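Here the structure is a predicted model, which means the values were calculated and not measured.
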Amino acid sequence: MASLPLSAIKNRRTAGPLTTDAVVSDFAQYVETIPYLNETAMASRNREMDNHISCLKNSTDREAYITMHDLRFLIANQRDSLDRYKGKAAMLIEDFLDNYGGQELADRAACMDQMQALLNDKLGPCETSLNLLDRELNVKEEQPLLSNQALLIIGICAGILLLGLIIAAISRSARKKDSPVVSDYRTAAGQNGGGNGNAAESGIVVRRKTATILKKQSLEGVIDNPDYMKVDVEDFCYDSAVRRIYIKNTCVEEMYNMYAHDKEAPDDAREYGCMVLGRWVHDAESNEYYVSLEHIVLPGDDARFEEYELNFGGKIKLKVLEELRRLRRETNLQYDLTCWVHSHPGLGIFFSNSDSSVQMQLKHPTHPNFLTAIVVDTLTPGMQLGIFTFHRDTTINTKNDLKQLYSLEEWYGWARESLSKSSTPVSADATFNRDDYFSTLTNASTHADECAGIELSNNMVVDICMALTGQSSGIIGHVHGKEVRQGTKTVYLAEQLVENEQQAIHPLIGSFVVTQHCSIPSVRKFVEDSLSQIHFVLVYTPADGLLTSIPVIDNDLCTDIHYYGEHKLEDLKQWTKRSRS
């Protein structure tokens, strides 16, 4: 039976009322188009679970097998996906029926019941296999009885240990007679013979401090800073443990760029998300939190995002830990995971059971209530978003608790204006996550300190591809982004390609040119008026599909090809798809 995509469901109507059997049959075909729910994928997962169960039962070293296959992480991942689909089953059914023409159904309720039963039949075996594997993981291995020889060895060892304890007790008793006060750790004066040694004489024990010292818990540089958007939680929520949220302009910009693809290609929209790092302070008197959202961490290449599935993967945990260490070390401030973001393209703003499960897993061990979550429906006008937090009693806000939703596009407009006015200098030791950028000078054999790297963001690659539509030759756009200085070298992060300078939210750093031949004379005639303002030129030649990166050195185009980087535009497109998939 051929699969039936959702696009084929629209206007699938008959002259009279539709029968339940016909609708459920089409729904079964549609379900087969969803990667997680099709028969092949379900059967493969169940076989994998059954195989692990069998291997565990016959394994001579269960822990080694569990570690080698990372079974605990596997179960957590699979259970999260399963819970997500269980939580979204009703919406999946409603979405299908709305496209199908549900107003003509003879018995919509009966139809929905049968569709729910169909999903339960698919998800049930998967849940059973997971539970069986989870139970097998927790089975304690039976310990064999000790042999007589082992008991004899244990008895001898116990006798030796007892004798040692008696000797030690006698030794301690003798020392106490010579010195009435014993200090576990001597003061520096007592050890070195300096001072009067009062600490030892008075019986004070000077102990070494071994506990980990937290960094400064503070929102310094955030409150009243125009680079941060202030959101009072009481404006959108009836009851929350968080009083106010401060969102950095660069964080809003990255969040918008993360979902720009959905706006440009709504038919290819997929759930996607990230983690957000920031700081928080707790007002003990009111028992409320003030939270900042400052740095976005994108998932690794092991993440899986499908139409109805959001799986962050395991690599993002390592990226979060690495970034937290860097921020704490460089600022001496206590950064933590303060928010996580994900999208519901076309599904609306809500917090599912799976979302709640993620929220509970990510919360802080001693201060759980400061963690926030943002859900974006990228296919709504203005890209609607909702903010979800903990109640004071540690339960989680729901859609019904929200007084209002926000617009990511409106936030982005504020971020652009804020960034254009921002006077925050670039740090001399600024860093960036290289996984989030395509480096165009990697295959250059020589690098100049003043332009040691040209890094294209995901959004920048999309801008280039869109700019090429219908264009022939000439200067196509202005490249805007950030300057990152690392020691004596300067790296440029290309974030945005615009035709109109007023659309830019970052400083001008380069130009993008399309020409039939990548020669210095032909390129120079397009950019000679802006050479004093730019640091590189990206040149695309349609004949060979090459994107060439040419540094600008001493206010002129570099003429030494050893400094050039060359990449097929198709390679950039594939990188963009992988980073978003």
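- Side-chain contact of Glu294 with Tyr246: a donor-acceptor pair under 3.5 Å is absent, judged by distance alone.
- Enclosure of atom CD in Glu450 by more than 12 non-hydrogen atoms of other residues, nucleotides or ligands within 6.0 angstrom is indicated.
- A side-chain donor-acceptor contact under 3.5 Å links Lys319 to the backbone of Leu298.
- Counted by atom type alone, Asn353 and Ser356 present zero donor-acceptor pairs between their side chains at under 3.5 Å.
- A side-chain N or O of Asn397 and one of Thr389 form a donor-acceptor pair less than 3.5 Å apart.
- Considering only heavy atoms from C-beta on, Tyr272 comes within 4.5 Å of Pro299 through its side chain.
- The environment of His364 atom NE2 is dense: over 12 non-hydrogen atoms of other residues, nucleotides or ligands sit within 6.0 angstrom.
- For the pair Glu323 and Arg326, the salt-bridge criterion is met [side-chain N within less than 4.0 Å of a carboxylate O].
- In Glu528, the CD atom is crowded: over 12 heavy atoms of neighbouring residues, nucleotides or ligands sit closer than 6.0 Å.
- You'll find the side chain of Asp355 reaches within 4.5 Å of the side chain of His342, heavy atoms only.
- At a threshold of 4.5 Å between non-hydrogen side-chain atoms, the residues Asp235 and Tyr406 count as touching.
- Using modelled atom types, one side-chain atom of Asn443 and one backbone atom of Glu566 make a donor-acceptor pair closer than 3.5 Å.
- Other residues, nucleotides and ligands place no more than 12 heavy atoms under 6.0 Å from the CG atom of Asp224.
- In this structure the side chain of Arg392 reaches within 4.5 angstrom of the side chain of Glu288, judged on heavy atoms.
- When the options Val242, Val341, Val233 are evaluated for a side-chain contact (heavy atoms from CB on, under 4.5 Å) with Thr372, the one that passes is Val242.
- Using a 4.0 Å cut-off between charged side-chain N and carboxylate O, Asp336 and Arg328 make a salt bridge.
- Salt-bridge formation is detected for the pair Arg243/Glu234: a Lys NZ or Arg NE/NH1/NH2 atom is positioned less than 4.0 Å from an Asp or Glu carboxylate oxygen.
- Side chain of Thr440 to backbone of Ile454: a donor-acceptor contact under 3.5 angstrom is found.
- Looking only at side-chain heavy atoms (C-beta outward), Glu417 and Asn249 stay at 4.5 Å or farther from each other.
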